[in-house]
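Let me begin by presenting the structure, written as C-alpha coordinates, before commenting on it.
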Amino acid sequence: MCDNRRDEKIIGGFIVKINKHFLDLQDSYLFSTIAKKAAAHVEANPDAQVLRLGIGDVTRPLPQVAVDAMKAAVDEMGVAATFRGYGPEQGYPFLREAIKAYYAAKGVDLAADEIYVGDGAKSDIGNILELFDKDNNIIIPDPVYPAYLDANIMAGRKVFYINGDEGNGFLPMPDAIAVKPDIIYICSPNNPTGSVYNRGQLKVWVDFALEHGAIILFDSAYECFISDKTLPTSIFEIEGADKCAVEIGTLSKMAGFTGVRCGFTIISHNLQFDGQSIGKMWMRRQATKFNGISYIVQKGAEAVLTPEGLAGCGENIAVYMDNAKTIAKTMAELGIWHVGGDNAPYIWLKCPNGLSSWDFFDKLLAEAHVVGTPGAGFGVKGEGYFRLSAFNSKENVAEAMRRLKNIL
Ligand code: PLP
(Lines give C-alpha, C1' and ligand atoms only; values in the text may rest on other atoms or scores of the structure.)
Protein backbone atom coordinates (compact mmCIF):
# COMPACT_ATOMS: atom_id res chain seq x y z
CA MET A 1 0.00 0.00 0.00
CA CYS A 2 1.50 3.37 -0.84
CA ASP A 3 0.37 6.88 -0.20
CA ASN A 4 1.38 8.94 -3.18
CA ARG A 5 -1.14 11.72 -2.73
CA ARG A 6 1.64 14.29 -2.41
CA ASP A 7 3.35 13.13 -5.61
CA GLU A 8 0.22 13.53 -7.64
CA LYS A 9 -0.08 17.19 -6.73
CA ILE A 10 1.27 19.11 -9.65
CA ILE A 11 1.16 22.76 -10.54
CA GLY A 12 -2.40 23.54 -11.53
CA GLY A 13 -4.05 20.91 -9.35
CA PHE A 14 -4.42 17.17 -9.16
CA ILE A 15 -4.47 15.00 -12.22
CA VAL A 16 -6.83 12.08 -12.20
CA LYS A 17 -5.93 9.42 -14.68
CA ILE A 18 -8.93 7.97 -16.45
CA ASN A 19 -9.26 4.42 -17.70
CA LYS A 20 -8.12 5.07 -21.26
CA HIS A 21 -9.67 1.81 -22.44
CA PHE A 22 -13.02 3.59 -22.43
CA LEU A 23 -11.70 5.55 -25.41
CA ASP A 24 -11.44 2.27 -27.32
CA LEU A 25 -15.19 1.68 -27.06
CA GLN A 26 -17.25 2.28 -30.14
CA ASP A 27 -20.09 4.66 -29.36
CA SER A 28 -23.18 2.53 -29.03
CA TYR A 29 -25.35 4.22 -31.59
CA LEU A 30 -27.50 1.20 -32.33
CA PHE A 31 -30.56 1.61 -30.14
CA SER A 32 -30.35 5.41 -29.94
CA THR A 33 -30.16 5.63 -33.74
CA ILE A 34 -33.10 3.24 -34.06
CA ALA A 35 -35.09 5.34 -31.57
CA LYS A 36 -34.21 8.59 -33.37
CA LYS A 37 -35.10 7.22 -36.80
CA ALA A 38 -38.37 5.77 -35.51
CA ALA A 39 -39.27 9.06 -33.79
CA ALA A 40 -38.54 11.05 -36.95
CA HIS A 41 -40.69 8.62 -38.94
CA VAL A 42 -43.60 8.97 -36.50
CA GLU A 43 -43.35 12.75 -36.73
CA ALA A 44 -43.34 12.68 -40.52
CA ASN A 45 -46.15 10.10 -40.66
CA PRO A 46 -48.52 10.96 -37.80
CA ASP A 47 -51.26 8.67 -39.09
CA ALA A 48 -49.08 5.59 -39.53
CA GLN A 49 -49.18 2.86 -36.89
CA VAL A 50 -45.51 2.07 -36.32
CA LEU A 51 -44.94 -1.55 -35.25
CA ARG A 52 -41.84 -2.30 -33.18
CA LEU A 53 -40.17 -5.66 -33.62
CA GLY A 54 -36.78 -4.22 -32.78
CA ILE A 55 -36.61 -4.46 -29.04
CA GLY A 56 -35.18 -7.29 -26.99
CA ASP A 57 -37.37 -6.39 -24.04
CA VAL A 58 -40.39 -8.44 -23.07
CA THR A 59 -43.87 -6.95 -23.32
CA ARG A 60 -46.15 -9.24 -21.32
CA PRO A 61 -46.91 -8.76 -17.59
CA LEU A 62 -45.48 -10.75 -14.68
CA PRO A 63 -47.07 -14.06 -13.68
CA GLN A 64 -49.77 -13.24 -11.10
CA VAL A 65 -48.25 -15.55 -8.50
CA ALA A 66 -45.03 -13.47 -8.58
CA VAL A 67 -47.01 -10.23 -8.19
CA ASP A 68 -48.86 -11.67 -5.19
CA ALA A 69 -45.64 -12.93 -3.60
CA MET A 70 -43.98 -9.54 -3.95
CA LYS A 71 -47.02 -7.77 -2.47
CA ALA A 72 -46.99 -10.13 0.50
CA ALA A 73 -43.24 -9.51 0.92
CA VAL A 74 -43.80 -5.75 0.95
CA ASP A 75 -46.34 -6.24 3.75
CA GLU A 76 -43.81 -8.32 5.70
CA MET A 77 -41.30 -5.49 5.42
CA GLY A 78 -43.82 -3.12 7.04
CA VAL A 79 -44.12 -5.16 10.23
CA ALA A 80 -41.38 -5.21 12.87
CA ALA A 81 -41.64 -8.95 13.44
CA THR A 82 -41.08 -9.81 9.76
CA PHE A 83 -38.97 -6.84 8.63
CA ARG A 84 -35.66 -7.79 7.01
CA GLY A 85 -32.52 -5.76 6.45
CA TYR A 86 -29.45 -6.94 4.55
CA GLY A 87 -29.97 -10.45 3.27
CA PRO A 88 -27.43 -13.23 2.79
CA GLU A 89 -24.86 -12.09 0.20
CA GLN A 90 -25.33 -15.19 -1.94
CA GLY A 91 -29.13 -14.85 -1.94
CA TYR A 92 -31.77 -16.19 0.44
CA PRO A 93 -31.62 -19.99 0.84
CA PHE A 94 -35.30 -20.26 -0.21
CA LEU A 95 -34.49 -18.82 -3.65
CA ARG A 96 -31.31 -20.83 -4.10
CA GLU A 97 -33.26 -23.97 -3.23
CA ALA A 98 -35.90 -23.00 -5.83
CA ILE A 99 -33.23 -22.49 -8.51
CA LYS A 100 -31.63 -25.80 -7.53
CA ALA A 101 -35.01 -27.52 -8.01
CA TYR A 102 -35.47 -25.79 -11.42
CA TYR A 103 -32.14 -27.26 -12.52
CA ALA A 104 -32.90 -30.66 -10.99
CA ALA A 105 -35.93 -30.80 -13.30
CA LYS A 106 -33.50 -30.49 -16.24
CA GLY A 107 -31.45 -33.34 -14.79
CA VAL A 108 -28.73 -30.99 -13.51
CA ASP A 109 -27.71 -31.67 -9.95
CA LEU A 110 -26.47 -28.55 -8.14
CA ALA A 111 -25.70 -27.73 -4.54
CA ALA A 112 -27.54 -24.65 -3.28
CA ASP A 113 -24.21 -23.02 -2.40
CA GLU A 114 -23.08 -23.29 -6.03
CA ILE A 115 -25.81 -20.73 -6.89
CA TYR A 116 -25.18 -17.00 -6.48
CA VAL A 117 -28.23 -14.75 -6.79
CA GLY A 118 -27.70 -11.38 -8.44
CA ASP A 119 -29.52 -8.51 -10.08
CA GLY A 120 -29.45 -9.91 -13.62
CA ALA A 121 -27.17 -11.50 -16.16
CA LYS A 122 -25.68 -8.29 -17.49
CA SER A 123 -23.99 -7.32 -14.20
CA ASP A 124 -22.53 -10.77 -13.58
CA ILE A 125 -21.30 -11.10 -17.18
CA GLY A 126 -19.24 -7.94 -16.74
CA ASN A 127 -18.25 -8.36 -13.10
CA ILE A 128 -16.97 -11.92 -13.28
CA LEU A 129 -14.07 -10.72 -15.42
CA GLU A 130 -12.55 -9.27 -12.25
CA LEU A 131 -11.60 -12.78 -11.18
CA PHE A 132 -9.29 -13.27 -14.14
CA ASP A 133 -5.95 -11.77 -15.13
CA LYS A 134 -6.03 -9.01 -17.71
CA ASP A 135 -3.68 -10.93 -20.01
CA ASN A 136 -6.15 -13.69 -20.80
CA ASN A 137 -7.29 -14.05 -24.38
CA ILE A 138 -11.02 -13.47 -24.73
CA ILE A 139 -12.98 -15.38 -27.35
CA ILE A 140 -16.26 -13.80 -28.41
CA PRO A 141 -18.69 -14.98 -31.09
CA ASP A 142 -19.64 -12.47 -33.77
CA PRO A 143 -22.50 -11.53 -33.97
CA VAL A 144 -23.53 -11.58 -30.31
CA TYR A 145 -24.97 -9.58 -27.40
CA PRO A 146 -22.73 -6.46 -27.41
CA ALA A 147 -22.15 -6.35 -23.62
CA TYR A 148 -19.51 -9.13 -23.82
CA LEU A 149 -17.28 -7.09 -26.08
CA ASP A 150 -17.74 -3.76 -24.33
CA ALA A 151 -17.10 -5.19 -20.85
CA ASN A 152 -13.80 -6.61 -22.11
CA ILE A 153 -12.77 -3.48 -23.98
CA MET A 154 -13.36 -1.39 -20.83
CA ALA A 155 -11.00 -3.72 -19.00
CA GLY A 156 -8.37 -3.45 -21.76
CA ARG A 157 -8.49 -7.12 -22.64
CA LYS A 158 -7.43 -8.83 -25.85
CA VAL A 159 -10.52 -9.91 -27.76
CA PHE A 160 -10.58 -12.47 -30.56
CA TYR A 161 -13.67 -13.23 -32.59
CA ILE A 162 -15.14 -16.47 -33.80
CA ASN A 163 -17.34 -15.82 -36.76
CA GLY A 164 -20.90 -16.89 -37.21
CA ASP A 165 -22.07 -17.20 -40.78
CA GLU A 166 -24.59 -19.02 -42.93
CA GLY A 167 -22.17 -21.91 -43.35
CA ASN A 168 -22.12 -22.72 -39.64
CA GLY A 169 -25.70 -21.60 -39.01
CA PHE A 170 -24.30 -18.75 -36.90
CA LEU A 171 -22.94 -21.31 -34.43
CA PRO A 172 -19.15 -20.95 -34.58
CA MET A 173 -17.12 -23.90 -33.28
CA PRO A 174 -13.66 -24.02 -31.66
CA ASP A 175 -11.88 -24.98 -34.89
CA ALA A 176 -12.14 -21.29 -35.82
CA ILE A 177 -9.89 -20.28 -32.90
CA ALA A 178 -6.33 -19.40 -33.85
CA VAL A 179 -4.99 -18.17 -30.47
CA LYS A 180 -4.63 -19.74 -27.06
CA PRO A 181 -8.16 -19.62 -25.68
CA ASP A 182 -8.62 -18.50 -22.10
CA ILE A 183 -12.09 -17.05 -21.59
CA ILE A 184 -14.76 -18.16 -24.05
CA TYR A 185 -18.24 -16.66 -24.25
CA ILE A 186 -21.10 -18.84 -25.40
CA CYS A 187 -24.62 -17.51 -25.76
CA SER A 188 -27.16 -20.24 -26.54
CA PRO A 189 -29.84 -19.53 -27.64
CA ASN A 190 -27.93 -16.70 -29.20
CA ASN A 191 -28.91 -13.08 -29.20
CA PRO A 192 -29.32 -11.86 -31.96
CA THR A 193 -29.43 -14.94 -34.19
CA GLY A 194 -31.71 -17.25 -32.19
CA SER A 195 -29.38 -20.18 -33.06
CA VAL A 196 -28.99 -22.89 -30.42
CA TYR A 197 -26.03 -25.25 -29.97
CA ASN A 198 -27.00 -28.91 -29.86
CA ARG A 199 -25.66 -31.35 -27.30
CA GLY A 200 -22.86 -32.63 -29.55
CA GLN A 201 -21.68 -29.11 -30.35
CA LEU A 202 -21.65 -28.06 -26.70
CA LYS A 203 -19.72 -31.22 -25.87
CA VAL A 204 -17.08 -30.18 -28.40
CA TRP A 205 -16.85 -26.79 -26.66
CA VAL A 206 -16.57 -28.35 -23.20
CA ASP A 207 -13.89 -30.81 -24.32
CA PHE A 208 -12.01 -27.98 -26.02
CA ALA A 209 -12.10 -25.83 -22.87
CA LEU A 210 -10.93 -28.76 -20.70
CA GLU A 211 -8.12 -29.56 -23.11
CA HIS A 212 -6.86 -25.96 -23.22
CA GLY A 213 -7.44 -25.00 -19.59
CA ALA A 214 -9.96 -22.39 -20.70
CA ILE A 215 -13.15 -21.23 -19.01
CA ILE A 216 -16.54 -20.97 -20.72
CA LEU A 217 -18.88 -18.19 -19.66
CA PHE A 218 -22.23 -19.64 -20.71
CA ASP A 219 -25.08 -17.13 -21.03
CA SER A 220 -28.40 -18.97 -20.76
CA ALA A 221 -30.64 -15.87 -20.81
CA TYR A 222 -32.96 -17.39 -23.42
CA GLU A 223 -32.94 -21.06 -22.32
CA CYS A 224 -36.66 -20.95 -21.44
CA PHE A 225 -37.55 -20.57 -25.13
CA ILE A 226 -36.05 -23.96 -26.05
CA SER A 227 -38.89 -26.36 -26.75
CA ASP A 228 -36.90 -29.02 -28.64
CA LYS A 229 -36.22 -31.54 -25.88
CA THR A 230 -33.05 -32.78 -27.57
CA LEU A 231 -31.37 -29.38 -27.16
CA PRO A 232 -29.48 -28.56 -23.97
CA THR A 233 -30.83 -25.66 -21.89
CA SER A 234 -27.82 -25.58 -19.57
CA ILE A 235 -24.11 -26.15 -20.17
CA PHE A 236 -24.17 -28.34 -17.06
CA GLU A 237 -26.12 -30.94 -19.02
CA ILE A 238 -22.77 -31.65 -20.70
CA GLU A 239 -20.32 -33.90 -18.91
CA GLY A 240 -17.21 -32.09 -17.71
CA ALA A 241 -18.80 -28.61 -17.79
CA ASP A 242 -18.58 -28.38 -13.98
CA LYS A 243 -14.78 -28.24 -14.37
CA CYS A 244 -14.64 -25.58 -17.09
CA ALA A 245 -17.81 -23.48 -17.17
CA VAL A 246 -19.76 -20.84 -15.35
CA GLU A 247 -23.44 -20.43 -16.23
CA ILE A 248 -25.15 -17.08 -16.02
CA GLY A 249 -28.95 -17.16 -15.95
CA THR A 250 -31.74 -14.66 -15.52
CA LEU A 251 -35.47 -14.39 -14.95
CA SER A 252 -35.57 -11.38 -17.29
CA LYS A 253 -36.91 -13.04 -20.42
CA MET A 254 -38.42 -16.09 -18.76
CA ALA A 255 -40.60 -14.28 -16.22
CA GLY A 256 -40.70 -10.70 -17.47
CA PHE A 257 -38.18 -9.59 -14.83
CA THR A 258 -36.29 -7.15 -17.10
CA GLY A 259 -37.49 -4.31 -14.87
CA VAL A 260 -37.77 -6.26 -11.61
CA ARG A 261 -34.16 -7.56 -11.84
CA CYS A 262 -33.10 -11.00 -10.74
CA GLY A 263 -30.47 -13.33 -12.14
CA PHE A 264 -28.04 -15.94 -10.90
CA THR A 265 -24.59 -17.30 -11.58
CA ILE A 266 -23.76 -20.97 -11.11
CA ILE A 267 -20.22 -22.01 -10.25
CA SER A 268 -19.50 -25.62 -9.40
CA HIS A 269 -17.29 -26.47 -6.44
CA ASN A 270 -15.23 -28.36 -9.02
CA LEU A 271 -14.29 -25.20 -10.96
CA GLN A 272 -10.71 -24.35 -10.05
CA PHE A 273 -7.96 -22.50 -11.85
CA ASP A 274 -4.44 -21.91 -10.50
CA GLY A 275 -5.44 -23.97 -7.47
CA GLN A 276 -8.14 -21.44 -6.58
CA SER A 277 -11.86 -22.08 -6.27
CA ILE A 278 -13.64 -19.74 -8.69
CA GLY A 279 -16.78 -19.95 -6.56
CA LYS A 280 -14.89 -18.78 -3.46
CA MET A 281 -13.33 -15.92 -5.44
CA TRP A 282 -16.74 -14.88 -6.79
CA MET A 283 -18.21 -15.02 -3.28
CA ARG A 284 -15.39 -12.78 -2.04
CA ARG A 285 -15.95 -10.38 -4.91
CA GLN A 286 -19.69 -10.21 -4.35
CA ALA A 287 -19.38 -9.84 -0.58
CA THR A 288 -17.08 -6.87 -1.16
CA LYS A 289 -18.94 -5.04 -3.92
CA PHE A 290 -22.56 -6.21 -3.87
CA ASN A 291 -25.18 -6.27 -1.15
CA GLY A 292 -27.68 -8.54 -2.83
CA ILE A 293 -31.12 -7.95 -4.31
CA SER A 294 -34.17 -7.16 -2.24
CA TYR A 295 -36.08 -9.72 -0.22
CA ILE A 296 -39.19 -8.60 -2.11
CA VAL A 297 -37.71 -9.46 -5.51
CA GLN A 298 -36.32 -12.75 -4.21
CA LYS A 299 -39.80 -13.73 -2.97
CA GLY A 300 -41.15 -12.87 -6.44
CA ALA A 301 -38.43 -14.98 -8.05
CA GLU A 302 -39.17 -17.89 -5.73
CA ALA A 303 -42.84 -17.69 -6.79
CA VAL A 304 -41.84 -17.70 -10.47
CA LEU A 305 -40.14 -21.04 -9.91
CA THR A 306 -43.21 -22.72 -8.37
CA PRO A 307 -45.32 -24.91 -10.69
CA GLU A 308 -47.93 -22.11 -10.85
CA GLY A 309 -45.27 -19.50 -11.63
CA LEU A 310 -43.68 -21.65 -14.31
CA ALA A 311 -47.11 -22.20 -15.86
CA GLY A 312 -47.62 -18.42 -15.96
CA CYS A 313 -44.21 -17.97 -17.60
CA GLY A 314 -45.13 -20.73 -20.05
CA GLU A 315 -48.26 -18.89 -21.15
CA ASN A 316 -46.24 -15.76 -21.96
CA ILE A 317 -43.49 -17.74 -23.66
CA ALA A 318 -46.13 -19.51 -25.79
CA VAL A 319 -47.39 -16.15 -27.06
CA TYR A 320 -43.88 -15.03 -27.98
CA MET A 321 -43.05 -18.34 -29.64
CA ASP A 322 -46.27 -18.23 -31.61
CA ASN A 323 -45.14 -14.82 -32.86
CA ALA A 324 -41.72 -16.23 -33.67
CA LYS A 325 -43.35 -18.96 -35.76
CA THR A 326 -45.43 -16.37 -37.61
CA ILE A 327 -42.30 -14.38 -38.43
CA ALA A 328 -40.28 -17.46 -39.48
CA LYS A 329 -43.17 -18.71 -41.63
CA THR A 330 -43.38 -15.34 -43.37
CA MET A 331 -39.64 -15.39 -44.09
CA ALA A 332 -39.97 -18.90 -45.52
CA GLU A 333 -42.87 -17.82 -47.72
CA LEU A 334 -40.86 -14.86 -48.97
CA GLY A 335 -37.86 -17.11 -49.68
CA ILE A 336 -35.68 -15.11 -47.27
CA TRP A 337 -32.79 -16.97 -45.64
CA HIS A 338 -33.21 -17.03 -41.86
CA VAL A 339 -32.33 -18.87 -38.65
CA GLY A 340 -33.79 -18.74 -35.14
CA GLY A 341 -37.41 -18.54 -34.14
CA ASP A 342 -37.79 -22.27 -33.36
CA ASN A 343 -36.24 -22.23 -29.92
CA ALA A 344 -35.61 -18.53 -29.43
CA PRO A 345 -37.63 -15.31 -29.61
CA TYR A 346 -35.42 -13.85 -32.35
CA ILE A 347 -35.44 -14.41 -36.10
CA TRP A 348 -32.19 -13.57 -37.86
CA LEU A 349 -32.65 -12.97 -41.55
CA LYS A 350 -30.55 -12.10 -44.53
CA CYS A 351 -31.47 -8.70 -45.88
CA PRO A 352 -33.11 -9.21 -49.28
CA ASN A 353 -31.57 -7.98 -52.53
CA GLY A 354 -28.12 -7.55 -50.96
CA LEU A 355 -29.24 -4.58 -48.88
CA SER A 356 -27.08 -3.51 -45.95
CA SER A 357 -28.53 -3.86 -42.45
CA TRP A 358 -29.29 -0.15 -42.19
CA ASP A 359 -30.66 0.15 -45.74
CA PHE A 360 -33.08 -2.67 -44.96
CA PHE A 361 -33.99 -0.96 -41.69
CA ASP A 362 -34.77 2.27 -43.58
CA LYS A 363 -36.81 0.42 -46.21
CA LEU A 364 -38.89 -1.45 -43.62
CA LEU A 365 -39.56 1.71 -41.66
CA ALA A 366 -40.35 3.89 -44.68
CA GLU A 367 -42.50 1.41 -46.59
CA ALA A 368 -44.03 -0.82 -43.89
CA HIS A 369 -43.76 1.35 -40.76
CA VAL A 370 -42.03 -1.60 -39.08
CA VAL A 371 -38.99 -1.23 -36.80
CA GLY A 372 -36.40 -4.03 -36.60
CA THR A 373 -32.77 -4.19 -35.52
CA PRO A 374 -29.90 -3.95 -38.03
CA GLY A 375 -27.58 -6.93 -37.63
CA ALA A 376 -24.50 -4.71 -37.97
CA GLY A 377 -25.19 -3.53 -34.40
CA PHE A 378 -24.21 -6.98 -33.07
CA GLY A 379 -20.81 -7.28 -34.72
CA VAL A 380 -19.05 -7.03 -38.07
CA LYS A 381 -20.48 -10.39 -39.10
CA GLY A 382 -23.99 -9.05 -38.57
CA GLU A 383 -23.73 -6.71 -41.55
CA GLY A 384 -26.22 -7.68 -44.25
CA TYR A 385 -28.49 -9.36 -41.69
CA PHE A 386 -31.40 -8.22 -39.56
CA ARG A 387 -33.04 -9.22 -36.26
CA LEU A 388 -36.79 -9.38 -35.80
CA SER A 389 -38.02 -9.88 -32.25
CA ALA A 390 -41.10 -11.85 -31.21
CA PHE A 391 -41.62 -9.67 -28.13
CA ASN A 392 -44.88 -8.00 -29.14
CA SER A 393 -48.59 -8.79 -29.31
CA LYS A 394 -49.91 -11.47 -31.64
CA GLU A 395 -51.94 -8.85 -33.53
CA ASN A 396 -48.99 -6.50 -34.05
CA VAL A 397 -46.74 -9.29 -35.28
CA ALA A 398 -49.41 -10.56 -37.69
CA GLU A 399 -49.95 -7.05 -39.03
CA ALA A 400 -46.19 -6.44 -39.37
CA MET A 401 -45.82 -9.66 -41.38
CA ARG A 402 -48.76 -8.72 -43.62
CA ARG A 403 -47.00 -5.42 -44.39
CA LEU A 404 -43.66 -7.12 -45.01
CA LYS A 405 -45.30 -9.41 -47.52
CA ASN A 406 -46.74 -6.37 -49.29
CA ILE A 407 -43.43 -4.62 -49.71
CA LEU A 408 -41.09 -7.54 -50.36
N1 PLP B 1 -27.68 -11.91 -21.99
C2 PLP B 1 -28.24 -11.76 -23.19
C3 PLP B 1 -27.82 -12.65 -24.31
C4 PLP B 1 -29.21 -10.76 -23.41
O5 PLP B 1 -29.75 -10.63 -24.63
C6 PLP B 1 -29.57 -9.93 -22.34
C7 PLP B 1 -30.55 -8.86 -22.51
O8 PLP B 1 -31.11 -8.60 -23.55
C9 PLP B 1 -28.95 -10.13 -21.11
C10 PLP B 1 -28.01 -11.14 -20.97
C11 PLP B 1 -29.26 -9.24 -19.95
O12 PLP B 1 -30.06 -9.88 -19.04
P13 PLP B 1 -30.47 -9.24 -17.66
O14 PLP B 1 -31.75 -8.48 -17.89
O15 PLP B 1 -30.64 -10.40 -16.75
O16 PLP B 1 -29.38 -8.34 -17.21
Can a donor-acceptor pair be found, under 3.5 Å and without considering hydrogens, that links the side chain of [X] to the backbone of [Y]?
X	Y	value
Asp142	Phe160	no
Asn45	His41	yes
Asn19	Met154	yes
Ser357	Gly384	yes
Tyr116	Gly279	yes
Asn323	Ala390	yes
Asn392	Arg52	yes
Gln201	Asn198	yes
Thr330	Thr326	yes
Thr250	Ala221	no

Is any side-chain heavy atom of [X] less than 4.5 Å from a side-chain heavy atom of [Y]?
X	Y	value
Tyr295	Phe83	no
Phe94	Gln298	yes
Gln286	Met283	no
Leu53	Met401	yes
Val58	Asn316	no
Leu62	Phe257	yes
Val117	Gln90	no

If we count only N and O atoms by modelled type, under 3.5 Å, do the side chains of [X] and [Y] hold a donor and an acceptor together?
X	Y	value
Ser234	Glu223	no
His269	Asp113	yes
Ser123	Asn127	no
Thr230	Asp228	yes
Glu166	Tyr385	yes

Would you call the rings of Phe386 and Phe361 parallel, tilted or perpendicular, where under 30° means parallel and over 60° means perpendicular?
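Tilted: the ring planes of Phe386 and Phe361 meet at 30° to 60°.
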
When the ring planes of Phe132 and Phe273 are compared, do they come out parallel, tilted or perpendicular, using 30° and 60° as the limits?
perpendicular

Can you tell whether the side chains of [X] and [Y] come within less than 4.0 Å, N to carboxylate O?
X	Y	answer
Lys363	Asp359	no
Lys100	Glu114	no
Lys37	Asp362	yes
Lys106	Glu237	no

Does atom [atom1] of [X] have more than 12 heavy-atom neighbours, drawn from other residues, nucleotides or ligands, at distances under 6.0 Å?
X	atom1	result
Arg199	CZ	yes
Glu76	CD	yes
Asp274	CG	no
Lys280	NZ	no
Asp109	CG	no
Gln26	CD	no
Lys122	NZ	no

Check the pair Lys71, Asp75 against salt bridge (charged side-chain N to carboxylate O under 4.0 Å, His left out), reporting the backbone distance first and the verdict last.
CA-CA 6 Å; Lys71 281 185 181 166; Asp75 287 341; over 6 Å; no

List the steps, then state whether salt bridge (charged side-chain N to carboxylate O under 4.0 Å, His left out) holds for Glu315 with Arg60.
CA-CA 10 Å; Glu315 283 167 26; Arg60 295 185 60 78; over 6 Å; no

Rounded distance (nearest 0.5 Å) linking atom NZ of Lys158 with atom CD1 of Ile183
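Taking NZ in Lys158 and CD1 in Ile183, the distance rounds to 10.5 Å.
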
Can you name the closest pair of heavy atoms from Val339 and Ser195 and give their distance?
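Residues Val339 and Ser195, closest heavy atoms: CG2-OG, 3.8 Å.
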
What closest approach, in Å, do Val304 and Cys313 show between heavy atoms, and which atom pair accounts for it?
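That would be CG1-SG, 3.8 Å.
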
Does Lys325 have any salt bridge (Lys or Arg N to Asp or Glu O under 4.0 Å) partners at least two apart in sequence or in another chain, and if so, which?
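For Lys325 there are no salt bridge (Lys or Arg N to Asp or Glu O under 4.0 Å) partners, ignoring immediate neighbours.
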
Please report the C-alpha distance between Tyr185 and Val159 in whole Å, then the side-chain angles of each, then the deciding distance to 0.1 Å, and finally whether the side chain to side chain contact (heavy atoms under 4.5 Å, CB included) criterion is met.
CA-CA 11 Å; Tyr185 284 83; Val159 172; over 6 Å; no

Test side chain to side chain contact (heavy atoms under 4.5 Å, CB included) applied to [X] and [options], the passing residue:
X	options	value
Lys180	Ile139, Asn136, Asn137	Asn137
Ile238	Ile216, Val206, Val108	Val206
Pro189	Ile226, Leu231, Thr233	Ile226

Report the C-alpha distance between Lys381 and Asp165 in whole Å, list the side-chain angles of each, state the deciding distance to 0.1 Å, and finish with yes or no for salt bridge (charged side-chain N to carboxylate O under 4.0 Å, His left out).
CA-CA 7 Å; Lys381 286 287 166 181; Asp165 55 34; 5.7 Å; no

Aromatic contact between Phe391 and Tyr320, with the criterion being ring centroids under 6.0 Å apart: yes or no?
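They qualify: ring centres under 6.0 Å apart.
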
Check: Phe236 ring centroid to Tyr103 ring centroid under 6.0 Å
no

Working for side chain to side chain donor-acceptor pair (under 3.5 Å), residues Ser277 and Gln272:
CA-CA 5 Å; Ser277 153; Gln272 306 221 343; 5.1 Å; no

Before you tell me yes or no, could you show the steps for Tyr346 and Tyr222 under side chain to side chain donor-acceptor pair (under 3.5 Å), namely the whole-Å CA-CA distance, both residues' side-chain angles and the distance that decides it to 0.1 Å?
CA-CA 10 Å; Tyr346 299 126; Tyr222 297 93; 2.7 Å; yes

Walk me through it: do Asp182 and His212 pass the test side chain to side chain donor-acceptor pair (under 3.5 Å)?
CA-CA 8 Å; Asp182 296 313; His212 290 86; over 6 Å; no

Evaluation steps, side chain to side chain contact (heavy atoms under 4.5 Å, CB included), between Arg157 and Leu129:
CA-CA 10 Å; Arg157 288 164 187 271; Leu129 289 168; 4.1 Å; yes

Side chain to side chain donor-acceptor pair (under 3.5 Å), that's the test. Do Asp57 and Thr258 meet it? Break it down for me.
CA-CA 7 Å; Asp57 198 356; Thr258 49; 2.7 Å; yes

